[in-house]
Amino acid sequence: MGFCFSPTIRSVSKFTSCTILLVFLLSCTSFTATEAYDALDPNGNITIKWDIMSWTPDGYVAVVTMFNFQQYRHIQAPGWSLGWTWAKKEVIWSMMGGQTTEQGDCSRFKGNVPHCCKKDPTVVDLLPGTPYNQQIANCCKGGVINSWVQDPANAASSFQISVGAAGTTNKTVKLPKNFTLKAPGPGYTCGPAKIVKPTKFVTADQRRVTQALMTWNVTCTYSQFLSQKTPTCCVSLSSFYNDTIVSCPTCACGCQNNATQPGSCVEADSPYLASVVSGSGKNSYTPLVQCTKHMCPIRVHWHVKLNYKDYWRVKVTITNFNYRMNYTQWNLVAQHPNFDNLTQLFSFNYKSLTPYAAINDTAMLWGVKFYNDLLMEAGPLGNVQSELLFQKDKSTFTFEKGWAFPRRIYFNGDNCVMPSPEDYPWLPNAGSHPDISLLTLFMTILSAMAFLYAYA
Ligand SMILES: *[C@@H]1O[C@H](CO)[C@@H](O)[C@H](O)[C@H]1NC(C)=O
Ligand SMILES: *[C@@H]1O[C@H](CO)[C@@H](O)[C@H](O)[C@H]1NC(C)=O
Ligand SMILES: *[C@@H]1O[C@H](CO)[C@@H](O)[C@H](O)[C@H]1NC(C)=O
Ligand SMILES: *[C@@H]1O[C@H](CO)[C@@H](O)[C@H](O)[C@H]1NC(C)=O
Ligand SMILES: *[C@@H]1O[C@H](CO)[C@@H](O)[C@H](O)[C@H]1NC(C)=O
Ligand SMILES: *[C@@H]1O[C@H](CO)[C@@H](O)[C@H](O)[C@H]1NC(C)=O
Ligand SMILES: *[C@@H]1O[C@H](CO)[C@@H](O)[C@H](O)[C@H]1NC(C)=O
Ligand SMILES: *[C@@H]1O[C@H](CO)[C@@H](O)[C@H](O)[C@H]1NC(C)=O
Ligand SMILES: *[C@@H]1O[C@H](CO)[C@@H](O)[C@H](O)[C@H]1NC(C)=O
């Protein structure tokens, strides 16, 4: 599946066989959760590790850590919530660095009352500023977890849990079942817990190694198909060789409809805006977008700016149309064949992603700390930009047929809606509109597929 999505299919025969494969895959209509993985981060996952640190008279104390092994998908505010179902009648006596959202019915306990008696507890992170005596390492970030590439030091989140009415040896303890991870909406599917080799911990001075009494792992993977989100960003295009600016597709993220959804967007000069932005709705996580034809909270503009003899230059601008959101730690993933020869990049960080060892056409871009890693709310400051300098490979480089435009763009891990390839700006001397080329055809199928696949 992922292979067919890759735009590196150059030869006609491969293209044809891939089309046949696509048709075949479409005809077996059942897209299951496990098939719908991310082609640009095929091994991406969140691994949840339970380390039993000590046994207690009626159970154990465990440290639960979530590692975000996804290259670019992070968990933003309002953060993760993690649920599971106990195998027996376990209770949670106490927690550090996290809490359950509900206590449940603890009426069978006299005296000491547990933190949570629910059969299916849901845990959330504590907020920044939690008193030190309730913290543990990697906790208390309001459920925010950064991505592995962007900030590995902050790509994990932990809490400590003291479990009662549970097994008290590694033979009698029963693993929790049915893990669910919300981030905060749906999208992740978690596998069963598996007992693995106990984790080894090295002391800070590296002179002693201790180990957990028992460890189990749970792996969760993301699928845009399951997340059932409407798109949150779109792409617009322009070039130095043609005045046409190809805007984001109309209604890419929704349509303006004040009749059925009053206030679904606001005009930039509306007096209503001031009251909404400073008012009580301020901390809502529902986007409040500026009225545009595309209605997306985020627009990525790709401008082909200059053509030199051996190089060409692109300007990328990300604009925030959401009045309710400052995007901290934003990131962009872009796919273009010339990323194998990116010579210079200004004012963004960059890492080449190589989802398939031989293919080097995907790049992850993100802001420079304290400079532009914060994409401010909609308004005059709500944009960040960078320029990319590519070295031409004479055998593949062309301005024709939209080659200079990106094949795919993700903002914060969400696929952005691209304009239709027929609308791309074309070279003035290109006589007539190019016939449906192989690329155009391929990209049409690709975008149709991506649409079906992600939002069907
Ligand atoms: C989860 O990601 C890590 C790091 O990329 C990888 O080593 C591991 O094999 C992945 N686990 C699964 C079950 O895919
Ligand atoms: C359980 O503990 C015993 C020693 O007490 C050890 O030999 C065994 O490997 C452990 N089993 C697991 C699953 O950790
Ligand atoms: C697993 O959890 C989900 C959501 O909490 C629930 O709907 C489902 O019934 C649970 N399945 C089992 C087997 O407990
Ligand atoms: C369990 O998870 C930890 C942390 O992510 C990882 O280091 C370890 O390799 C995993 N073990 C297995 C067997 O997947
Ligand atoms: C929709 O309603 C909002 C708030 O009342 C207003 O600011 C905006 O101009 C309206 N949009 C249209 C297209 O009528
Ligand atoms: C975004 O950040 C600015 C400056 O820190 C702040 O004034 C503004 O209230 C923030 N907006 C939101 C929606 O959080
Ligand atoms: C991909 O391209 C980048 C930038 O040109 C380079 O640093 C990296 O080594 C390349 N990776 C592979 C696998 O070719
Ligand atoms: C970059 O392009 C130059 C000129 O075509 C070529 O010599 C070089 O091998 C290319 N580098 C990579 C990593 O493809
Ligand atoms: C620019 O491209 C558009 C297609 O998007 C085309 O209709 C127009 O004629 C082109 N302009 C010139 C000057 O060639």
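Both ligands and their constituent atoms are indexed starting at 1 by order of listing. For the numbers below, each heavy atom of this structure counts, side chains included, while hydrogens, waters and symmetry mates do not.
- Listed by atom number, the atoms of ligand 6 under 4.0 Å from Glu377 heavy atoms are 1 (C), 8 (C), 10 (C), 11 (N), 12 (C), 13 (C).
- Set against the non-hydrogen atoms of Val196, the atoms of ligand 4 under 4.0 Å away are 11 (N), 12 (C), 13 (C).
- The 12-atom threshold is not exceeded at NZ of Lys194, counting heavy atoms of other residues, nucleotides or ligands nearer than 6.0 Å.
- Residue contact check: Lys49 has heavy atoms under 4.0 Å from atoms 2 (O), 3 (C), 4 (C) of ligand 4.
- No donor-acceptor distance shorter than 3.5 angstrom exists from the side chain of Asn322 to the backbone of Val289, with no hydrogens or angles considered.
- Looking only at distances, a side-chain donor or acceptor of Asn338 sits under 3.5 Å from a matching main-chain atom of Gln391.
- By the 30° and 60° cut-offs, the orientation of the rings of His301 relative to His303 is parallel.
- One N or O on the side chain of Gln256 and one on the backbone of Thr292 form a donor-acceptor pair closer than 3.5 Å.
- The shortest N/O to N/O separation between Tyr323 and ligand 6 does not fall below 3.5 Å.
- Within 4.0 Å of ligand 1, protein heavy atoms come from Asn43, Asn45, Phe69, Thr219.
- The shortest N/O to N/O separation between Asn326 and ligand 6 falls below 3.5 Å.
- Remark: Lys293 NZ is loosely packed, at most 12 non-hydrogen atoms of other residues, nucleotides or ligands lying under 6.0 Å away.
- Qualifying disulfide (SG to SG under 2.5 Å) partners for Cys220, counting only residues two or more places apart in sequence or in other chains: Cys190.
- When atom types are taken as modelled, the side chain of Gln150 and the backbone of Trp330 share a donor-acceptor pair closer than 3.5 angstrom.
- The aromatic rings of Trp84 and Trp86 lie perpendicular to each other, with more than 60° between the two planes, well past the 30° mark.
- Counting heavy atoms under 4.0 Å from ligand 6, residue Met376 touches it through the side chain alone.
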